[in-house]
Amino acid sequence: MTAAVVVDILLGLILVGLAAQVAIGKHLFRAIVFYVAFGLAMALIWSRLGAPDLALADAAIGAGLTGALMMVAFRQLVEIDPKQSQAQVTRGSALAVVIAVLAAGMVATIGLTALSLERQPGNAGLQVLATLPDTGLGNPITGVLLAFRGFDTLIEMTVLLTAFVGSRVITTRSRLSVTTISGFELPLVRTLVAVILPLAVLIGMHLLWIGSDQPGGAFQAGSVLAGSGVLLLLTGTLLPAPHSRALVRLALVVGVGALCMLVLAPLLQGKVPMAYLGRGSLLFAETAMMVSIAVTLTLLFAGSPSLKAGR
Amino acid sequence: MKAYDTLMLALVFIPLGTALIAVMLPPTRRRWAVLLGGLAWPCVLVPLSLAIAREQTLTLVFGGWSPPLGIGWRLDALGLVVLWVHALVGIAALPGAWQRFEPEKPESGPFWSLWLILATGVNLATLAADLFNLYVALELTTLAAVALIATDDGIAALSAAMRYLLLAVLGSLMYVLGVGLVYAQTGSLAMHQPGVVELNNVALVLMLTGLMVKAAIFPLHVWLPHAYSNAPGPVAAIMSAVVGKVALVALWRIWFETAVDPPMLLANLLGLIGAGAIVYGAVAAYLQPRLKMVIAYSSISQFGFLLLLLPLACQQAFQGAGFHLLAHGLAKASMFLAAANIVTVLGSDSIRHLPGLDKRMPLEAFTLALAGITLIGLPPSGGFTGKWMLLSAAWEVQGWFWMVLIVLSGLMSAAYIFRILALTCFHPARRAVHHLHARPPKITSFAALLLALLAVVIGLYPHPVLDLLGSGVPGAGP
Amino acid sequence: MSSAIFVLVAAAIFGLGVHGLLVSAHIMRKLLALNLMLSALFLLLIVVPATIEGRPDPVPQALVLTGIVIAVSTTAFALALMVRLFRKQGHATIHPDIDPDLLGRRHDRHQPEADNEQAP
Amino acid sequence: MIDFLALTVLLAGCFFIFAGTVGMLRLPDVYCRLHAMTKADNLGLLLICVSLSLLDGRPRTALLLLLVWLLALLASTVSAHLIARHSRARRPPTGNGPVDYDSAGSRR
């Protein structure tokens, strides 16, 4: 029982404990808070497994933004009907426990038997590490995400755009939701914004810049900026605006547009579609993706087509 | 750079580019951009069909990285059939969408962008030759479809959309677990992996279950009836014709290409599940009080029928199933478009309002009848050709149970279709429906009729499509 | 040994997610449970494939990153759908399989507030 | 020698965080619990950051950990202030004993 195994067991217990609170906890609001804690514990496990990119992404998107989106949705439920949202509509049933145990058993046996087979490293992964020097990139994850399997990223950015356009279908019919917290006009809060906003933008740019060589990249940078966008919405510096503006619509689309250009531009030079055009092209695409991700996630939090200055 | 790369890229990047332009345009002027994009990409299909007739399969690799590293596309006869159904139904549904989503309505701006994003997702899922790329494309298609269902603001549509979204996430969760296991075993995510001796069955079963949830095959079909019957007319048409089928075609591809020789027991089990779907779908369709629910449950029955390809995996069966895919897609879409017009005029699609429909709305009644012929599989129609090929395949494979099942499915679909037609044509209008809403423009009825006619006409001259499909069971691979 | 621990942890979280999904009728709880199951899946995707030079294989890491972004997009849309359903239906649950027509009629009687409020 | 010092500082940090958690669970009142959480945990975090930078030795990580601590300090003070202000607005302290409810608004 080496120290590493003990640490793993502890991390595992923390994770399962938090997951139990989320799934079986009584209060809904408390389940959401525990889900944010679960996301952060997940980030711990990713760094323990040696996957820093995933730790960053899970902390920023999995815990941060998903938690923020759920809390603002919960707040809207409470505004519509205070008592209804507390309703304990869970009916405990033995059958559900049996099915859950069977599902867990199935996943455990699948995982353990997959582990017990003699596993040689996937040759896709080996080839990624082998051909990475040709692209001049240092971070293999960014290499896979943008150079080798860049087409997945293009579709995934379209999925994010679809989520926004889909939520516009729904929010066009309802009133703008209030996103500011009570007491947002306090000077203390204004100093918080004054300190954290420039720092968040700096961290976002840093993550974007080092993304090609060290853990980081467009998704993590975009979600850090989206986090600062959420902070601005909470503190009333930015307010949801009812009518969409051309600049905001452009910012939403620029990420997918840049990746489309990455696919189609090589055709003009007679190369294969999405041929690798050097680090500069990747940086351009990543900047566009960062802008798109930050604007899309902030607008999803605000639930409005665009934003306007607060005071 | 091969000649057909630009054509295949155009299939996806015309709808995607127009969707991006539509999102950038102010909501009031999006309709025209989408009309342009929606009519432009089908034109690419003509040269592609000629190319497929010559070269059987067109492949494309992104970035020049060889398959285990990069992502590849492959277009073969089966994919071309799905794209043709998508193009034809997409064009036929445009007038209905044009009339229902005028710019004044708040949800019309997002609708038009989502319409093309759904088109992009379907084309991507048809062309994908990479397991994870297929997952992301199916996810895009599902999210766009759910958002399109939610454009109808009723409680029924919203809860149907929510149920579909939750089940689709569960389905894709199982599918990705299967893909993870495939990667752990073979180290590559390509759909056609030459070196694989035997794909591990657990991964195969997980992937098939995930896709069966997305294709709404019988035991996992719970979301389909409410989703199709409560969605707006054109959305239900495009979803029934293509969105369910894309997951089914993906299931076929994984069965024939990725799983090198899947165990016969699993094939027969899936055949039995298909049989269960046929019987359950037909019986449920017979009992439904609402017209759209009848059509939705008949979709479940026909999807089960399409699953019979797996136990009868031979040349003729593949041609029959591909042809049935084409005929059923056209017929089902025309029925949903006709039903949408009926609902706008009569106010509700419950069976009680059907008597006397043939006098009140003759075009819609005729469309329902024509499409019914194809669904039953009566001789002149495309449905018959598909069923006949599958019957002869069953004869060739000596699968007596499957032969009885195919004939039985024809009888059962006849039952629920004739129930609808009898109500429409032979019963006088019992009481005048209190008020008839404004009639939708004639072009929407003609578009639905055209689709139904096409479904019958291709039965008269099926040879070009059959020869195209005969080019090879997908297992042959590039 | 440590990857076996994480596989068991992932299985436990998956089981809790399934239990939460089956037991709770509230859509927010179903979304929380689904996100738990997705996190368990991503943990499996990283732990099961063999590591290369001590570090996890870069390809599954990219797949999990894509999965996380898709999960947040799906959750964001599902939350907007849930709030709209709650505003119209009075409770955030998916009705069991009853005829939507009946749903329509009851909805008119106790509609919490004006149905067609437009954005100002 | 450095490791021994770092270990003791680490243990002290863990003790303070443990004290803060016990305070949060045991103290009866919202305001008392806020005290426990913000003061004890921030001090605990500082000690842990100091011990980690001692263990690591490089000045760069020491600066990074200092930045981490400052951000945590800023976040916890502002949120504690807002929670206290929010709870005072809903349940003004009557001065005769602890006023307590959990954040979901239902009185315990």
Side-chain angles (χ1 to χ4, degrees), chain A residues 5 8-9 12 15-16 19-20 22-23 28 31 35 42 49-51 53-54 57 61-62 65-66 69 73 76-77 80 84 89-90 96 99-101 103-104 107-108 111-112 114-115 119-122 124-125 128 140-141 144-145 149 152 156 159-160 163 166-167 170-172 175 219 242 300, chain C residues 1-5 7-20 22-26 28-29 32-33 35-36 39 44 46 48-50 52 55-59 61-62 64-66 68-70 72-73 75-77 79-84 86-87 91-93 112 117 119-120:
Chain A
V5 170
D8 291 347
I9 292 178
L15 208 65
V16 173
V22 170
L28 181 55
Y35 179 74
M42 203 62 188
L49 285 170
D53 287 73
L54 296 183
I61 299 179
L65 274 153
T66 314
L69 288 169
Q76 282 166 7
L77 295 187
I80 296 170
Q84 176 52 250
V89 194
T90 55
I99 294 175
V101 167
V107 168
L112 292 178
L115 280 182
R119 300 172 299 151
Q120 78 282 11
V128 162
I141 319 285
V144 173
L145 272 180
R149 294 184 64 90
D152 275 350
E156 176 207 333
V159 168
L160 196 63
S167 71
I170 292 165
T171 50
T172 48
R175 281 185 302 274
F219 297 110
L300 279 173
Chain C
M1 178 54 191
S2 76
S3 44
I5 294 170
V7 163
L8 290 178
V9 163
I13 296 171
F14 193 86
L16 284 167
V18 166
H19 178 77
L22 294 176
V23 158
S24 52
H26 200 292
M28 179 84 99
R29 290 213 159 221
L32 280 168
N35 275 313
L36 281 185
S39 297
L44 275 176
I46 293 294
V48 165
I52 302 174
R55 303 184 71 83
D57 191 331
V59 170
Q61 284 190 42
V64 166
L65 207 61
T66 311
I68 288 175
V69 174
I70 288 179
V72 80
S73 326
T75 310
F77 177 67
L79 288 171
L81 194 57
M82 176 195 71
V83 169
R84 184 68 192 165
F86 186 81
R87 195 185 296 274
H91 50 78
T93 55
E117 68 275 47

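Lettering of chains follows the sequences in order, A, B, ..., and the numbering in each one begins at 1.
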### Message
Looking at chain A, which one of L8(C), V72(C), L36(C), D57(C) has the largest number of heavy-atom pairs inside 4.5 Å, strictly under?
### Response
L36(C)
### Message
Taking side chain as everything from C-beta outward and backbone as N, CA, C, O, which of these in A33(C) sits under 4.5 Å from a heavy atom of chain A? Side chain, backbone, both or neither.
### Response
neither
### Query
Is the closest side-chain heavy-atom distance between F86(C) and M28(C) below 4.5 Å?
no
### Message
Distance check, rounded to the nearest 0.5 Å: I70(C) atom CD1 versus D152(A) atom CG?
### Response
8.0 Å
### Query
Between L65(A), V101(A), V144(A), D53(A), which has the largest tally of heavy atom pairs under 4.5 Å with chain C?
V144(A)
### Task
Could you check which of A57(A), A114(A), A51(A) has the highest count of heavy-atom pairs closer than 4.5 Å to chain C?
A51(A)
### Task
Please look at L65(C) and chain A and tell me whether the side chain, the backbone, both or neither of the residue comes under 4.5 angstrom of a heavy atom of that chain.
both
### Query
What part of L32(C) gets closer than 4.5 Å to chain A, counting heavy atoms only: side chain, backbone, both or neither?
both
### Message
If I take atom OG from residue S3(C) and atom CG from residue L112(A), how far apart are they, to the nearest 0.5 angstrom?
### Response
9.0 Å
#### Entry: Toward chain C, the part of L300(A) with a non-hydrogen atom under 4.5 Å
side chain
## Note on the structure
Counting heavy-atom pairs under 4.5 Å with chain C, the top scorer among G12(A), A19(A), G62(A), A31(A) is A19(A)
### Query
From Q76(A) CD over to R84(C) CZ, what is the distance, rounded to the nearest 0.5 angstrom?
11.5 Å
#### Entry: Donor-acceptor contact present, side-chain T66(A) to main-chain I61(A), <3.5 Å
yes
#### Entry: Leading residue by heavy atom contact count with chain A [cutoff under 4.5 Å; candidates L81(C), I52(C), V59(C)]
I52(C)
### Query
L160(A) versus chain C, heavy atoms under 4.5 Å apart: side chain, backbone, both or neither?
both
#### Entry: Side chain / backbone / both / neither for S2(C) at chain A, heavy atoms under 4.5 Å
both
### Task
Identify the two heavy atoms, one from V128(A) and one from P58(C), that lie closest to each other, and give their separation to 0.1 Å.
CG1-CG, 4.0 Å
### Option that, when pairs with chain C are counted at under 4.5 Å, heavy atom only, ranks first among A20(A), A124(A), A104(A)
A104(A)
### Query
Of all of I99(A), V16(A), L54(A), which one pairs up most often with chain C through heavy atoms under 4.5 Å apart?
L54(A)
### Message
I want to check something: taking the side chain as every heavy atom from C-beta on, are L44(C) and F14(C) in contact at a cut-off of under 4.5 Å?
### Response
no
